[in-house]
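For reference, the structure is listed below as C-alpha cells.
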Protein chains: 2
Amino acid sequence: MAIENTSRERLLASAKILIHSRGYADVGVQELCSHAGIKKGSFYHFFPSKQALTLAALDEMMGEIKQRVFVPAFSKEVPPLERIRRFFRLSHVMQCDGKLETGCVLGCSFGNLALELGTREEEIRTVIEGLFAMVIANFRDTLEEAIATGDLPPGIDTDATAQALLAFLEGILMIAKNRNDPDVLLGQEEMALRLCRV
Amino acid sequence: MAIENTSRERLLASAKILIHSRGYADVGVQELCSHAGIKKGSFYHFFPSKQALTLAALDEMMGEIKQRVFVPAFSKEVPPLERIRRFFRLSHVMQCDGKLETGCVLGCSFGNLALELGTREEEIRTVIEGLFAMVIANFRDTLEEAIATGDLPPGIDTDATAQALLAFLEGILMIAKNRNDPDVLLGQEEMALRLCRV
DNA sequence: AAGTTACTTGACCGGTCGGTAAAATGTCAA
DNA sequence: TTGACATTTTACCGACCGGTCAAGTAACTT
C-alpha cells in the first residue's frame, strides 16, 4: 500500500478495491485495516462504522467513474449516439483494467452492492438508487439530443429506453463478472444501440 | 413452517426463500435451522456444509423456474417472438409473487449469488455459469426458430442476441430489486424485442 | 516550554460464524 | 426382544465479527 498518503486515504483506497472485488460481507474491518497498513483501533477515528466507510468509498468511486467514463463519453463535442457507443467501450476498458489489477473482473460496484445489500442496508440501497437515477438521466438526455439532431426518430420513450440501457449494461457486467471475462463487453455498444431503435 | 414435510425438505425450502431474499452471507446456519424448525446439530446430518445446501437449493430453484416460466413461455405451440414476450411477462408475475410473499422484490437468485459469491465460491460460480448458458441456449433456439418462420430477418447473431436478452433481464431484475418495485418489469417484453431487431 | 489537538496503538467486549462430537431418541426389521 | 440404523438434541469448538476504550505519541499553536 502506498504509505505516502494519509491513513484515511489509504483506508478509502483499500475499501474501494477490496469491497469492489469481494463484496461487503466478505471483507472485514480487520482486513481493510491490514490492507491499508493501519491498526484496527485507528479505523474508528476516521469512520464511525464499516457502513460509513463504504458510503464514502461509493462516493469516491462515482467520482472516478464520472471522470473516466462519463466525462469523455458524454462529451458535447461527440454526436449523441456515438456517446453511447463510447460509454460501453470505456466500460470495457475499465473492466480490463480491473482484471489486470486484481486478476478478476470486478463488475459494477453499485450493481454488486445493490444485490448484496439491497434488503439489509437501507441507506446504501438508497444511495445506489440515486446513482442509478443519475446514470439513467445521462442516457435520457443523450437520447433526447439524438432525437433533436434527427439521429433517432421521435416517439421513443426516452426514460424507459435510458433505463433499459442501464439494465443492459448491468446485466452484461454481471455476465462478464460471472465468467471472469472482460471481453464479454466487446462490441456490446452495437447491441445497446438496438435498444434505442423502435 | 410446514411441519408435515421432512426436515431436509424444510431446510431446502428455508434456504430457497431466505438466501434468495437476503443473500448468502447474511443468512447463517443457525437461522436456516430455526426457520426450518430444527436444531443446528441436525443440519449436518442432511448437508455437509452451508455451501452444499445452497447448491441443492439452487438446483431446486432452477427446477421450479423451468416449471413456472420456461415450460409455459417456450411452448412450441406459441410463435417464437411471443415466447420471449411471455418469458418477460411471467418473470414479472414471479417477482410480484415474491414481493407478496416476502415483502421485498427478490430478483434473480442466480444473479444475486453470481455477484455476491462470484469471486469467492468457485463451485457456486460455475453452477451459475451453467445455468446462464442454459437460459441463453433457450433464447438462442427461439431466435433461430423466429428466423426460420420469417418473424425475424436472417443475419442476426443469435448467440450474441440471446446473451443480450439474458443481460437485459438480469439488469431489469436488479433495478426492480433495488427499487423494491416489481412493476419495473411491466412492459419490458417490448424493450426486449428491440434487442432482436437489427 | 506548555498546552491542545490529531492520530495511533493494543487490549478488550459480547456476539455470531460454520462446523464437530457424543449421547439420546425414534424407527423398523429380524 | 434385540440389534441396526436414522434422526434429533445438547453442548461445545476456535475463529472471527463490528465496535469500544483508555492510554500513548506525534505535530502544531501559542
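Side chains are part of it too, since the values below use all heavy atoms of this structure and drop only hydrogens, waters and symmetry mates. Just so it is clear: chains get the letters A, B, ... in the order the sequence lines come, proteins before strands, and each one is counted from 1.
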Side-chain donor/acceptor contact of B:Lys50 with base of C:dG19 under 3.5 Å
no
- request: Give B:Gly28 one of three labels, base, sugar-phosphate or nothing, depending on what nucleic acid heavy atoms sit under 4.0 Å from its own.
  value: sugar-phosphate
Looking only at D:dT8, C:dC7, C:dC17, the nucleotide nearest the B:Ser42 side chain is D:dT8
- request: Check whether any side-chain N or O of B:Ser49 sits under 4.0 Å from OP1 or OP2 of C:dG18, and answer yes or no.
  value: no
Between CZ of A:Arg120 and P of C:dT16 the distance, given in whole Å, is 15 Å
Between CD of A:Glu31 and C1' of C:dC17 the distance, given in whole Å, is 16 Å
Per atom distances to the A:Tyr44 side chain, the nearest of C:dG10, D:dT20, C:dG19 is D:dT20
* Asked: Between B:Ser34 and B:Gln30, does any side-chain donor sit less than 3.5 Å from a side-chain acceptor?
  -> yes
Comparing nearest nucleotides in DNA chain D, the 5'-proximal residue of the pair A:Gly41, A:Val27 is A:Val27
Looking only at C:dT8, D:dG18, C:dC17, the nucleotide nearest the B:Gln30 side chain is C:dC17
note: B:Leu53, atom CG; C:dG18, atom P; distance rounded to Å ~ 11 Å
message: Using a 4.0 Å heavy-atom cut-off, does A:Phe43 contact any base of the nucleic acid, only the sugar-phosphate backbone, or nothing at all?
response: nothing
Check: Counting only side-chain N and O atoms of B:Lys39, is one of them less than 4.0 Å from OP1 or OP2 of D:dT8?
Finding: no
To the nearest angstrom, the CG-P distance between A:Asp26 and C:dG18 comes to 12 Å
note: B:Leu11, atom CG; D:dT7, atom P; distance rounded to Å ~ 12 Å
Atom NE2 of B:His45 and atom C1' of D:dT7 are separated, to the nearest Å, by 5 Å
Ring-face cation contact, B:Tyr24 with B:Lys50, 6.0 Å cut, 45° max = yes
Pair A:Asp141-A:Arg83, salt bridge (Lys or Arg N to Asp or Glu O under 4.0 Å): steps then yes or no:
CA-CA 11 Å; A:Asp141 294 347; A:Arg83 291 176 211 166; over 6 Å; no
Quick note, A:Lys40 side chain, CB onward, closest among C:dG18, D:dT9, D:dG18 is D:dG18
Taken to the nearest whole Å, CD1/A:Ile38 to C1'/C:dC7 is 10 Å
task: Classify the side-chain pair A:Arg140/A:Thr161 by whether it contains a donor and acceptor separated by less than 3.5 Å.
output: no
Per side chain to side chain contact (heavy atoms under 4.5 Å, CB included), B:Ile19 is matched among B:Leu106, B:Asn112, B:Leu113 by B:Leu113
note: A:Phe47, atom CZ; C:dT8, atom P; distance rounded to Å ~ 12 Å
